[in-house]
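When a residue number appears, it is its place in the shown sequence, counting from 1.
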Amino acid sequence: MSEQNPAEGQPQAQQQTEVHVDDTGALPSYSNFCRVTATPEEVILDFGLNPQPFATGRQDVKANQRIVMNFYTSKRLLTALGMTIQRHESTFGSIELDVRRRAGGQQAGARPSGPQGVVE
C-alpha cells in the first residue's frame with residue numbers, strides 16, 4: 001500500500017525566507033558624502049566625510065568605505081531605501097534637501113518668535 005501526500009494535488013504554500021544578519025563584527029561609520037559610479041557590470045558607492053559640505057571651490061573628500069555591488073542588489077537597495085524614506089516622511093514630515101529652505105530663513109543663534117512656554 002502506498003502512502004499519499006496530503007498536499008498532493010494542491011499548490012505548495014510559498015515558504016518564507018528568514019535572513020539573520022550577524023553584525024557583531026560590523027564597524028559603524030558616518031558619512032555625509034556618497035559618490036556613485038558604475039561599470040557595465042557593477043555599481044560602486046564611495047562613502048566619506050566632507051568636513052565642509054557647504055564650502056565653495058575645490059573640496060577634497062577622502063573615501064573611507066567603498067561598496068561594490070551588482071545591479072540586482074543595487075535595485076533592491078534602491079527599493080529598500082525608498083520604502084524607508086517613505087515611512088520616515090509619513091511619520092515625521094517631508095525631508096527638505098535644499099539647505100536654504102530647510103533653514104527657514106532663521107540665522108544661527110536667532111531665537112524663534114512666538115510664545116515660549118508661558119508659566120502662570
Query raised in the report: Measuring from Asn70:CG to Thr39:OG1, what's the distance to the nearest 0.5 Å?
Result: 10.5 Å
Report task. Hydrophobic side-chain clustering at under 4.5 Å (ILVMFWY, transitive links): who's grouped with Ile85? Put none if nobody. Result -> Ile95, Leu97
Query raised in the report: Does CD belonging to Gln65 count more than 12 external heavy atoms closer than 6.0 Å?
Result: no
Query raised in the report: Any salt bridge (charged side-chain N to carboxylate O under 4.0 Å, His left out) pairs touching residues 76-94, not counting sequence neighbours?
Result: none
Query raised in the report: Closest heavy-atom contact between Glu96 and Arg102?
Result: O-NH1, 2.9 Å
Query - Verify same cluster id: Ile67, Leu77 (apolar side-chain graph, 4.5 Å) - result: yes
Requested in this report: Sort and list the pairs that fulfil ring pair (Phe, Tyr, Trp, His ring centres under 6.0 Å) and have at least one residue in residues 21-45, not counting sequence neighbours.
Outcome: none
Contacts under 3.5 angstrom, residues 42-54 side chains, donor-acceptor by atom type, not counting sequence neighbours:
{"from": "Asp46", "atom 1": "OD1", "to": "Arg66", "atom 2": "NE", "distance (Å)": "2.5"}
{"from": "Asp46", "atom 1": "OD1", "to": "Arg66", "atom 2": "NH2", "distance (Å)": "3.3"}
{"from": "Asp46", "atom 1": "OD2", "to": "Arg35", "atom 2": "NE", "distance (Å)": "3.3"}
{"from": "Asp46", "atom 1": "OD2", "to": "Arg35", "atom 2": "NH2", "distance (Å)": "2.5"}
{"from": "Asp46", "atom 1": "OD2", "to": "Arg66", "atom 2": "NH2", "distance (Å)": "3.1"}
{"from": "Asn50", "atom 1": "OD1", "to": "Gln52", "atom 2": "N", "distance (Å)": "3.2"}
{"from": "Asn50", "atom 1": "ND2", "to": "Gln59", "atom 2": "OE1", "distance (Å)": "2.8"}

Query raised in the report: Any donor-acceptor pair under 3.5 Å linking the side chain of Thr73 with the backbone of Met69?
Result: no
Query - Listed partners of Asp60 passing side-chain contact (heavy atoms from CB on, under 4.5 Å), at least two apart - result: Arg58
Acceptor/donor pairs from residues 17-24 side chains to any protein atom, 3.5 angstrom cut, sequence neighbours excluded:
{"from": "Asp22", "atom 1": "OD1", "to": "Thr24", "atom 2": "N", "distance (Å)": "3.1"}
{"from": "Asp22", "atom 1": "OD1", "to": "Thr24", "atom 2": "OG1", "distance (Å)": "2.8"}

